[in-house]
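Input: a single structure, listed below in structure tokens.
As the structure is a prediction and not an experimental result, all values here were calculated from the model.
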Amino acid sequence: MKFPNERELREVAILIAQTVIDTSRLIAEGQLPHLLKRDQPDFKDPNNRTLAIDQYARSIALTALKLNFGDKIVIYGEEEEAQPGKHFAEINKVVAIIDPVDGTDLLARDFSNWVSAMIFFIPKQKKIISAVIGHASGDIYYASGAGAFIRPRVAAKGKMKNHDRKLLRDSDKIIELCNSAICFYGQKPKNFLNMAEHKGFLSAMQGFKKRMSEIKDEGSGKVIKAKEQLEIRLYNFGGNPMMVRIPSGAVDAVFSLGNTELHDVLPGAYVAVQAGAVFTDLAGNTINPI
């Protein structure tokens, strides 16, 4: 069987992402109120306010992928009840792992830190072909063996789109933790507590707090040590929406203490790695997503 090539997969995925982003604007403007109802499929987390938005975006993605590639592609994702099984590694077709709206709860609340994420690879060949992430802003990030790129949103109505440009991040550049932007999953109580109760994390935060506080003489009340100006920022958003911001320098590190689903990590990790980032487990062992 002839496999779809990188450009074919990428351009269809970009079209899907752009369609989902445009639809989201209608949702945010209240023009599609039926997508904000609260009924959920049985296999979805009932605590998520994802509602019918996920199913709508899934329909957009499945229609486009099946129309263009038919049985040449196998599709898995958050909205699919069938998940990769024990024979997954033997599949010799293009596999798409998709999350048409990654961060649906944020979209439903009219926040903008969500993406439309897809990655295409051939498991048996251990080959990633392409990853595409459409950001809510309209920017499209994508990566392949040629590197990582951004296709910027249209600057203004009627103007030509900016040209795609390559993304590069120097992983050898030393950035001190105290001056970094760090992202982690922590929106749900379980994930937040994984961080809040971690001894190493607490120790580091107490150290930074001390360094950023004035120390005064108990007798005179005079400052004997001034505050340090530390730029560290912690954001309890993680996954694809934050990993895709690593190449620009807006984010320095993204991590998770719990188990992470494939669709929540692979697309963003691949884009970041192809731009020059480092991907490791929590012990520092390199993970090669290529």
Counting neighbours of CZ on Phe111 that are heavy atoms of other residues, nucleotides or ligands and sit closer than 6.0 Å, is the number greater than 12? no
In terms of heavy-atom contacts, His263 and Gly77 come closest through CD2-C, 4.2 Å
task = Answer yes if the side chains of Tyr142 and Asp164 hold a donor-acceptor pair under 3.5 Å, and no otherwise.
result = yes
Using side-chain heavy atoms (C-beta onward) and a distance below 4.5 Å, is Leu9 in contact with Ile73? yes
Here the gap from Ile75 atom CD1 to Leu65 atom CG, rounded to the nearest 0.5 Å, amounts to 4.5 Å
In this structure, CD1 of Ile140 is separated from CD of Glu11 (nearest 0.5 Å) by 10.0 Å
Between Pro241 and Asp102 the two heavy atoms that sit nearest each other are CD-OD2, 3.8 Å
When rounded to the nearest 0.5 Å, the distance separating CG of Asn5 from OG of Ser130 is 10.0 Å
dist Asn179:CG -> Arg233:CZ (nearest 0.5 Å) comes out at 10.0 Å
Is any side-chain heavy atom of Arg211 closer than 4.5 Å to one of Cys178? yes
Q.
I'd like to know whether Val251 forms a side-chain contact (heavy atoms from CB on, under 4.5 Å) with Met243, so could you lay out the CA-CA distance, the side-chain angles of the two residues, the decisive distance to 0.1 Å, and finally the verdict.
A. CA-CA 7 Å; Val251 171; Met243 284 186 287; over 6 Å; no
- May I ask you to check whether Tyr270 and Phe121 place their ring centres under 6.0 Å from each other? no
Nearest heavy-atom contact between Val271 and Val244 is CG1-CG2, 4.1 Å
**Asked** Any side-chain heavy-atom pair from Glu8 and Phe120 closer than 4.5 angstrom?
**Response** no
_Is any side-chain heavy atom of Phe88 closer than 4.5 Å to one of Val95?_
yes
Rounded to the nearest 0.5 Å, the CG atom of Asn236 sits from the CZ atom of Phe192 at a distance of 7.0 Å
Can you find a pair of side-chain heavy atoms, one from Tyr235 and one from Val254, that are under 4.5 Å apart?
-> no
